Amino acid sequence: MSAVLEVASALLLVAGAAFYLAGTVGLLRFPDVYARLHALTKADNLGLGCVVLGLSLQAESLAVAVKLLLIWPLVLAASATLSYSIARRADRLGITPWQGKEDR
Amino acid sequence: MTALEWPLALFLLANLLAALLRAARGPTAADRMLVALLFGTGGVGILLLLGRAGGNPALVDAALVLALLAAIAGAAFARRAWTDGDADERRP
Amino acid sequence: MTVIAAALWRGVAFALLWWTLAEGRTENWGLGLAIIGLATLASLRLLPATALRLSPRGLLGFGTFFLVQSIRAGTQVAIMALRHRLDLAPAMLELPITLPPGAARIWLANTLSLLPGTLSVDIGATHLRLHVLDRRLPIAHEVAQVEARIAAVLGMEK
(Lines give C-alpha, C1' and ligand atoms only; values in the text may rest on other atoms or scores of the structure.)
Protein backbone atom coordinates (compact mmCIF):
# COMPACT_ATOMS: atom_id res chain seq x y z
CA MET A 1 0.00 0.00 0.00
CA SER A 2 1.29 3.43 -0.86
CA ALA A 3 2.23 5.81 1.92
CA VAL A 4 -0.09 8.48 0.50
CA LEU A 5 -3.12 6.23 0.92
CA GLU A 6 -2.08 5.35 4.44
CA VAL A 7 -1.76 9.01 5.45
CA ALA A 8 -5.08 9.90 3.80
CA SER A 9 -6.75 7.01 5.58
CA ALA A 10 -5.34 8.04 8.96
CA LEU A 11 -6.45 11.65 8.42
CA LEU A 12 -9.97 10.55 7.51
CA LEU A 13 -10.21 8.32 10.58
CA VAL A 14 -9.12 11.16 12.87
CA ALA A 15 -11.52 13.59 11.15
CA GLY A 16 -14.30 11.03 11.61
CA ALA A 17 -13.59 10.81 15.33
CA ALA A 18 -13.61 14.62 15.55
CA PHE A 19 -17.09 14.75 13.99
CA TYR A 20 -18.32 12.11 16.43
CA LEU A 21 -16.94 14.26 19.25
CA ALA A 22 -18.72 17.34 17.87
CA GLY A 23 -21.95 15.35 17.70
CA THR A 24 -21.61 14.30 21.33
CA VAL A 25 -20.77 17.86 22.42
CA GLY A 26 -23.83 19.11 20.54
CA LEU A 27 -25.96 16.42 22.17
CA LEU A 28 -24.86 17.62 25.59
CA ARG A 29 -24.80 21.38 24.92
CA PHE A 30 -27.64 22.20 22.52
CA PRO A 31 -30.73 23.71 24.18
CA ASP A 32 -33.57 21.44 23.05
CA VAL A 33 -34.39 18.09 21.49
CA TYR A 34 -34.63 19.49 17.95
CA ALA A 35 -31.23 21.18 18.02
CA ARG A 36 -29.71 18.00 19.48
CA LEU A 37 -31.22 16.02 16.61
CA HIS A 38 -29.49 18.39 14.19
CA ALA A 39 -26.17 17.68 15.88
CA LEU A 40 -26.58 13.90 15.78
CA THR A 41 -28.01 13.46 12.30
CA LYS A 42 -25.41 15.67 10.64
CA ALA A 43 -22.17 15.46 12.61
CA ASP A 44 -22.30 11.76 13.46
CA ASN A 45 -23.28 10.74 9.97
CA LEU A 46 -20.39 12.67 8.51
CA GLY A 47 -18.17 11.11 11.18
CA LEU A 48 -19.22 7.64 10.11
CA GLY A 49 -18.74 8.63 6.45
CA CYS A 50 -15.14 9.64 7.17
CA VAL A 51 -14.45 6.44 9.11
CA VAL A 52 -15.94 4.26 6.36
CA LEU A 53 -14.00 6.06 3.63
CA GLY A 54 -10.79 5.94 5.67
CA LEU A 55 -11.12 2.20 6.27
CA SER A 56 -12.04 1.49 2.65
CA LEU A 57 -8.79 3.14 1.49
CA GLN A 58 -6.95 0.41 3.39
CA ALA A 59 -9.21 -2.42 2.19
CA GLU A 60 -7.47 -5.43 0.68
CA SER A 61 -9.78 -5.63 -2.34
CA LEU A 62 -12.21 -3.46 -4.26
CA ALA A 63 -15.17 -5.62 -3.20
CA VAL A 64 -14.35 -5.10 0.47
CA ALA A 65 -14.03 -1.35 -0.08
CA VAL A 66 -17.44 -1.22 -1.79
CA LYS A 67 -18.94 -3.26 1.03
CA LEU A 68 -17.67 -0.75 3.58
CA LEU A 69 -18.99 2.17 1.53
CA LEU A 70 -22.40 0.46 1.26
CA ILE A 71 -22.86 0.74 5.01
CA TRP A 72 -22.95 4.53 4.90
CA PRO A 73 -26.21 5.09 2.95
CA LEU A 74 -27.93 2.42 5.05
CA VAL A 75 -27.02 4.17 8.28
CA LEU A 76 -27.99 7.52 6.74
CA ALA A 77 -31.43 6.21 5.85
CA ALA A 78 -31.83 4.70 9.31
CA SER A 79 -30.86 7.84 11.18
CA ALA A 80 -32.94 10.11 8.96
CA THR A 81 -36.11 8.06 9.55
CA LEU A 82 -35.41 7.64 13.26
CA SER A 83 -34.73 11.37 13.59
CA TYR A 84 -38.02 12.12 11.81
CA SER A 85 -39.89 9.83 14.19
CA ILE A 86 -38.35 11.46 17.25
CA ALA A 87 -38.92 15.02 16.00
CA ARG A 88 -42.51 14.29 15.01
CA ARG A 89 -43.26 12.68 18.34
CA ALA A 90 -41.73 15.59 20.23
CA ASP A 91 -43.79 18.04 18.16
CA ARG A 92 -47.01 16.09 18.75
CA LEU A 93 -46.28 16.01 22.47
CA GLY A 94 -46.22 19.79 22.40
CA ILE A 95 -42.51 20.35 22.97
CA THR A 96 -41.90 23.85 21.65
CA PRO A 97 -38.48 24.68 20.23
CA TRP A 98 -36.08 26.86 22.16
CA GLN A 99 -36.28 30.28 20.54
CA GLY A 100 -32.98 31.93 21.35
CA LYS A 101 -32.25 34.51 23.99
CA GLU A 102 -33.01 37.69 22.06
CA ASP A 103 -36.69 36.76 21.73
CA ARG A 104 -37.31 36.25 25.39
CA MET B 1 -1.58 -0.81 8.82
CA THR B 2 -2.02 2.19 11.01
CA ALA B 3 -2.18 1.75 14.75
CA LEU B 4 -5.02 4.26 15.06
CA GLU B 5 -7.95 1.89 15.09
CA TRP B 6 -7.79 0.73 18.71
CA PRO B 7 -7.61 4.20 20.27
CA LEU B 8 -10.27 5.53 17.93
CA ALA B 9 -12.63 2.67 18.76
CA LEU B 10 -12.12 3.41 22.46
CA PHE B 11 -12.67 7.10 21.77
CA LEU B 12 -16.01 6.40 20.09
CA LEU B 13 -16.97 4.19 23.00
CA ALA B 14 -16.20 7.08 25.37
CA ASN B 15 -18.51 9.23 23.24
CA LEU B 16 -21.33 6.74 23.69
CA LEU B 17 -20.75 6.72 27.44
CA ALA B 18 -20.81 10.53 27.55
CA ALA B 19 -24.08 10.47 25.62
CA LEU B 20 -25.62 8.41 28.41
CA LEU B 21 -25.44 11.63 30.44
CA ARG B 22 -28.03 13.05 28.09
CA ALA B 23 -30.22 9.99 28.62
CA ALA B 24 -29.94 10.41 32.36
CA ARG B 25 -30.67 14.14 32.27
CA GLY B 26 -33.53 13.98 29.78
CA PRO B 27 -35.50 16.16 30.33
CA THR B 28 -38.09 14.70 27.95
CA ALA B 29 -38.56 11.13 26.72
CA ALA B 30 -37.61 12.38 23.24
CA ASP B 31 -34.20 13.44 24.58
CA ARG B 32 -33.62 9.96 25.91
CA MET B 33 -34.46 8.48 22.51
CA LEU B 34 -31.61 10.51 21.00
CA VAL B 35 -29.14 8.13 22.57
CA ALA B 36 -30.60 5.31 20.47
CA LEU B 37 -29.74 7.35 17.41
CA LEU B 38 -26.15 7.87 18.56
CA PHE B 39 -25.73 4.20 19.43
CA GLY B 40 -26.67 3.31 15.87
CA THR B 41 -24.04 5.44 14.13
CA GLY B 42 -21.50 5.02 16.93
CA GLY B 43 -22.01 1.29 17.21
CA VAL B 44 -21.45 0.73 13.49
CA GLY B 45 -18.30 2.89 13.61
CA ILE B 46 -16.92 0.96 16.58
CA LEU B 47 -17.62 -2.42 14.96
CA LEU B 48 -15.80 -1.39 11.79
CA LEU B 49 -12.77 -0.02 13.65
CA LEU B 50 -12.56 -3.12 15.84
CA GLY B 51 -12.85 -5.34 12.79
CA ARG B 52 -9.80 -3.65 11.31
CA ALA B 53 -7.85 -3.45 14.57
CA GLY B 54 -8.36 -7.07 15.50
CA GLY B 55 -8.02 -8.36 11.96
CA ASN B 56 -11.50 -9.82 12.15
CA PRO B 57 -13.30 -9.06 8.87
CA ALA B 58 -16.50 -10.78 10.04
CA LEU B 59 -17.21 -7.66 12.11
CA VAL B 60 -17.71 -5.75 8.86
CA ASP B 61 -20.57 -8.12 8.06
CA ALA B 62 -21.93 -7.61 11.57
CA ALA B 63 -21.84 -3.84 11.02
CA LEU B 64 -23.55 -4.23 7.65
CA VAL B 65 -26.34 -6.33 9.13
CA LEU B 66 -26.74 -3.85 11.99
CA ALA B 67 -27.04 -0.97 9.49
CA LEU B 68 -29.47 -2.94 7.33
CA LEU B 69 -31.69 -3.85 10.28
CA ALA B 70 -31.62 -0.27 11.52
CA ALA B 71 -32.71 0.99 8.10
CA ILE B 72 -35.53 -1.57 7.88
CA ALA B 73 -36.66 -0.94 11.45
CA GLY B 74 -36.63 2.80 10.76
CA ALA B 75 -38.77 2.35 7.66
CA ALA B 76 -41.24 0.10 9.49
CA PHE B 77 -41.39 2.58 12.34
CA ALA B 78 -42.03 5.52 10.04
CA ARG B 79 -44.68 3.59 8.14
CA ARG B 80 -46.53 2.83 11.34
CA ALA B 81 -46.38 6.40 12.49
CA TRP B 82 -47.58 7.34 9.04
CA THR B 83 -50.74 5.22 9.00
CA ASP B 84 -51.69 5.17 12.70
CA GLY B 85 -51.32 8.84 13.35
CA ASP B 86 -51.22 9.66 17.00
CA ALA B 87 -54.64 11.01 17.69
CA ASP B 88 -54.52 9.62 21.19
CA GLU B 89 -51.45 11.65 22.13
CA ARG B 90 -52.12 14.42 24.57
CA ARG B 91 -50.02 17.30 25.69
CA PRO B 92 -48.37 16.50 29.03
CA MET C 1 -40.06 -4.40 -23.31
CA THR C 2 -39.81 -2.23 -20.20
CA VAL C 3 -40.13 -5.36 -18.06
CA ILE C 4 -37.18 -7.05 -19.78
CA ALA C 5 -35.04 -3.92 -19.55
CA ALA C 6 -35.93 -3.47 -15.88
CA ALA C 7 -35.20 -7.14 -15.12
CA LEU C 8 -31.81 -6.80 -16.81
CA TRP C 9 -30.84 -3.65 -14.92
CA ARG C 10 -31.99 -4.96 -11.59
CA GLY C 11 -30.27 -8.29 -12.21
CA VAL C 12 -27.00 -6.46 -12.85
CA ALA C 13 -27.49 -4.44 -9.68
CA PHE C 14 -28.15 -7.56 -7.58
CA ALA C 15 -25.14 -9.31 -9.15
CA LEU C 16 -22.94 -6.38 -8.13
CA LEU C 17 -24.38 -6.55 -4.64
CA TRP C 18 -23.64 -10.27 -4.42
CA TRP C 19 -20.10 -9.72 -5.63
CA THR C 20 -19.63 -7.11 -2.92
CA LEU C 21 -21.11 -9.24 -0.15
CA ALA C 22 -18.99 -12.26 -1.17
CA GLU C 23 -15.95 -9.94 -1.16
CA GLY C 24 -15.11 -10.91 -4.73
CA ARG C 25 -14.82 -14.66 -3.99
CA THR C 26 -16.08 -16.81 -6.84
CA GLU C 27 -16.58 -20.26 -5.31
CA ASN C 28 -20.23 -19.58 -4.38
CA TRP C 29 -21.46 -18.24 -7.70
CA GLY C 30 -23.92 -21.11 -8.17
CA LEU C 31 -25.81 -20.11 -5.05
CA GLY C 32 -25.26 -16.48 -5.97
CA LEU C 33 -26.91 -16.84 -9.37
CA ALA C 34 -29.95 -18.53 -7.85
CA ILE C 35 -30.30 -15.77 -5.26
CA ILE C 36 -29.79 -13.02 -7.85
CA GLY C 37 -32.59 -14.55 -9.95
CA LEU C 38 -34.94 -14.80 -6.98
CA ALA C 39 -34.15 -11.27 -5.84
CA THR C 40 -34.85 -9.90 -9.32
CA LEU C 41 -38.18 -11.74 -9.48
CA ALA C 42 -39.17 -10.53 -6.03
CA SER C 43 -38.24 -6.96 -6.84
CA LEU C 44 -40.28 -6.99 -10.07
CA ARG C 45 -43.21 -8.38 -8.13
CA LEU C 46 -43.01 -5.83 -5.33
CA LEU C 47 -42.07 -2.81 -7.41
CA PRO C 48 -43.37 -3.18 -10.98
CA ALA C 49 -41.13 -1.94 -13.79
CA THR C 50 -43.55 0.81 -14.72
CA ALA C 51 -43.71 2.19 -11.17
CA LEU C 52 -40.08 3.18 -10.98
CA ARG C 53 -38.19 5.13 -13.55
CA LEU C 54 -34.98 6.66 -12.32
CA SER C 55 -32.98 9.00 -14.45
CA PRO C 56 -29.26 8.10 -14.23
CA ARG C 57 -28.28 11.71 -14.84
CA GLY C 58 -30.65 12.93 -12.16
CA LEU C 59 -29.29 10.31 -9.78
CA LEU C 60 -25.70 11.38 -10.41
CA GLY C 61 -26.66 15.02 -9.91
CA PHE C 62 -28.46 14.22 -6.68
CA GLY C 63 -25.56 12.10 -5.44
CA THR C 64 -22.91 14.77 -5.90
CA PHE C 65 -25.20 17.47 -4.53
CA PHE C 66 -25.98 15.34 -1.48
CA LEU C 67 -22.32 14.49 -0.84
CA VAL C 68 -21.18 18.11 -0.94
CA GLN C 69 -24.12 19.27 1.17
CA SER C 70 -23.70 16.60 3.83
CA ILE C 71 -20.05 17.59 4.27
CA ARG C 72 -21.21 21.21 4.64
CA ALA C 73 -23.94 20.14 7.07
CA GLY C 74 -21.62 18.14 9.30
CA THR C 75 -18.95 20.83 9.39
CA GLN C 76 -21.45 23.60 10.07
CA VAL C 77 -23.12 21.83 12.96
CA ALA C 78 -19.74 20.71 14.35
CA ILE C 79 -18.55 24.34 14.40
CA MET C 80 -21.81 25.41 16.08
CA ALA C 81 -21.39 22.74 18.75
CA LEU C 82 -17.72 23.41 19.47
CA ARG C 83 -17.83 27.22 19.43
CA HIS C 84 -17.54 28.88 22.78
CA ARG C 85 -20.81 30.80 22.54
CA LEU C 86 -23.89 29.12 21.07
CA ASP C 87 -25.10 31.24 18.18
CA LEU C 88 -28.45 29.70 17.23
CA ALA C 89 -31.69 31.24 16.03
CA PRO C 90 -33.96 28.20 15.80
CA ALA C 91 -37.52 28.28 14.49
CA MET C 92 -40.31 26.02 13.26
CA LEU C 93 -41.29 26.70 9.65
CA GLU C 94 -44.13 25.44 7.48
CA LEU C 95 -43.16 25.32 3.84
CA PRO C 96 -45.34 24.29 0.90
CA ILE C 97 -44.27 21.10 -0.95
CA THR C 98 -44.71 20.57 -4.67
CA LEU C 99 -43.62 16.90 -4.87
CA PRO C 100 -46.44 14.32 -5.05
CA PRO C 101 -47.31 12.42 -1.82
CA GLY C 102 -45.62 9.11 -1.11
CA ALA C 103 -42.03 8.04 -1.61
CA ALA C 104 -40.92 11.34 -3.16
CA ARG C 105 -42.00 13.32 -0.10
CA ILE C 106 -40.48 10.86 2.36
CA TRP C 107 -37.26 11.08 0.40
CA LEU C 108 -37.42 14.87 0.53
CA ALA C 109 -38.01 14.88 4.28
CA ASN C 110 -35.16 12.47 4.93
CA THR C 111 -32.77 14.37 2.69
CA LEU C 112 -33.59 17.66 4.37
CA SER C 113 -32.87 16.13 7.77
CA LEU C 114 -29.33 15.42 6.60
CA LEU C 115 -28.72 18.79 4.91
CA PRO C 116 -27.33 21.88 6.63
CA GLY C 117 -29.59 23.57 9.17
CA THR C 118 -32.88 21.79 8.40
CA LEU C 119 -34.68 18.99 10.25
CA SER C 120 -37.97 17.50 9.06
CA VAL C 121 -40.58 17.36 11.78
CA ASP C 122 -43.83 16.48 10.02
CA ILE C 123 -45.00 15.80 6.47
CA GLY C 124 -48.45 17.31 6.07
CA ALA C 125 -50.92 17.16 3.19
CA THR C 126 -49.65 20.37 1.59
CA HIS C 127 -46.88 21.60 3.85
CA LEU C 128 -43.68 20.29 5.36
CA ARG C 129 -42.96 21.22 8.96
CA LEU C 130 -39.27 21.93 9.43
CA HIS C 131 -37.10 22.86 12.36
CA VAL C 132 -34.25 25.16 11.36
CA LEU C 133 -31.18 25.97 13.41
CA ASP C 134 -30.79 29.44 11.94
CA ARG C 135 -33.87 31.20 10.54
CA ARG C 136 -31.66 33.95 9.05
CA LEU C 137 -30.57 31.56 6.27
CA PRO C 138 -32.44 31.23 2.92
CA ILE C 139 -34.24 28.00 3.86
CA ALA C 140 -37.09 28.12 1.31
CA HIS C 141 -34.60 28.46 -1.51
CA GLU C 142 -32.64 25.40 -0.36
CA VAL C 143 -35.79 23.30 0.01
CA ALA C 144 -36.87 24.23 -3.52
CA GLN C 145 -33.43 23.20 -4.77
CA VAL C 146 -33.69 19.76 -3.14
CA GLU C 147 -37.22 19.32 -4.52
CA ALA C 148 -35.98 20.06 -8.04
CA ARG C 149 -33.13 17.53 -7.64
CA ILE C 150 -35.52 14.79 -6.50
CA ALA C 151 -37.97 15.61 -9.30
CA ALA C 152 -35.09 15.26 -11.76
CA VAL C 153 -34.22 11.77 -10.43
CA LEU C 154 -37.83 10.63 -10.74
CA GLY C 155 -38.13 12.12 -14.22
CA MET C 156 -40.67 14.74 -13.19
CA GLU C 157 -38.89 17.73 -14.69
CA LYS C 158 -40.60 20.95 -13.64
Side-chain angles (χ1 to χ4, degrees), chain A residues 15 18-47 49-50 59-70 72-73 76-77 79-84 86-92 96-103, chain C residues 16-26 63 66-94 105-124 128-136:
Chain A
F19 281 115
Y20 271 106
L21 175 68
T24 309
V25 171
L27 178 68
L28 295 175
R29 269 188 87 195
F30 279 176
D32 69 355
V33 63
Y34 305 105
R36 290 174 198 140
L37 272 174
H38 278 277
L40 285 188
T41 48
K42 293 160 187 87
D44 279 57
N45 284 333
L46 188 54
C50 290
E60 50 272 22
S61 74
L62 181 63
V64 176
V66 176
K67 192 198 246 182
L68 283 165
L69 293 176
L70 217 79
W72 195 49
L76 285 187
S79 40
T81 36
L82 188 53
S83 133
Y84 175 73
I86 295 174
R88 185 165 182 267
R89 199 66 153 192
D91 190 43
R92 295 276 159 121
T96 47
W98 179 86
Q99 292 285 325
K101 288 177 199 98
E102 67 269 280
D103 288 7
Chain C
L16 275 174
L17 190 60
W18 180 265
W19 169 77
T20 309
L21 294 181
E23 300 186 351
R25 282 191 292 266
T26 46
F66 181 78
L67 219 58
V68 173
Q69 293 297 314
S70 55
I71 293 170
R72 247 191 74 204
T75 329
Q76 193 189 58
V77 86
I79 291 171
M80 280 178 176
L82 297 175
R83 210 157 34 190
H84 187 60
R85 266 192 70 245
L86 283 182
D87 181 28
L88 307 177
M92 276 290 186
L93 302 180
E94 299 260 354
R105 281 192 185 178
I106 298 177
W107 188 4
L108 172 73
N110 280 348
T111 308
L112 285 174
S113 286
L114 300 170
L115 292 195
T118 50
L119 180 81
S120 303
V121 174
D122 208 344
I123 310 174
L128 179 66
R129 202 165 157 76
L130 278 178
H131 181 265
V132 297
L133 270 187
D134 194 339
R135 55 177 175 266
R136 296 161 291 194

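Computed from a predicted model, the values in this text were never measured in an experiment. Protein chains get the first letters and strands the later ones, always in sequence-line order, with residue 1 at the start of each.
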Tell me if a side-chain donor or acceptor on A:Tyr84 pairs with a main-chain N or O of C:Ile123 at a distance below 3.5 Å. yes
Under 3.5 Å, side chain of A:Lys42 to main-chain N/O of C:Arg72, donor-acceptor pair present? no
Nearest heavy-atom pair of [X] and [Y]: which atoms, and what distance?
| X | Y | value |
| --- | --- | --- |
| C:Gly74 | A:Leu46 | CA-CD2, 3.6 Å |
| C:Ser70 | A:Trp72 | OG-CH2, 3.9 Å |
| C:Leu119 | A:Ala87 | CD2-CB, 4.3 Å |
| A:Ala22 | C:Ala78 | CB-CB, 3.5 Å |

Using non-hydrogen atoms only, which part of [X] is less than 4.5 Å away from chain C: side chain, backbone, both, or neither?
| X | result |
| --- | --- |
| A:Leu62 | both |
| A:Phe19 | side chain |
| A:Thr41 | both |

Chain A contact via C:Leu67 - side chain, backbone, both or neither, heavy atoms under 4.5 Å: side chain
Residue C:Arg25 versus chain A: region with a heavy atom under 4.5 Å: neither
Do [X] and [Y] make a side-chain contact, defined as non-hydrogen atoms from C-beta onward lying under 4.5 Å apart?
| X | Y | answer |
| --- | --- | --- |
| A:Pro73 | C:Phe66 | no |
| C:Leu17 | A:Leu70 | yes |
| A:Asp91 | C:Met92 | yes |

Using 0.5 Å steps for rounding, measure from the [atom1] atom of [X] to the [atom2] atom of [Y].
| X | Y | atom1 | atom2 | value |
| --- | --- | --- | --- | --- |
| A:His38 | C:Leu114 | NE2 | CG | 11.5 Å |
| C:Ser113 | A:Leu76 | OG | CG | 11.5 Å |
| A:Arg88 | C:Asp122 | CZ | CG | 4.5 Å |

Interface residue of largest heavy-atom contact number with chain A, from C:Thr118, C:Leu21, C:Ile71, under 4.5 Å: C:Thr118
If you tally heavy-atom pairs under 4.5 Å against chain A, which of C:Val132, C:Val77, C:Val121 wins? C:Val121
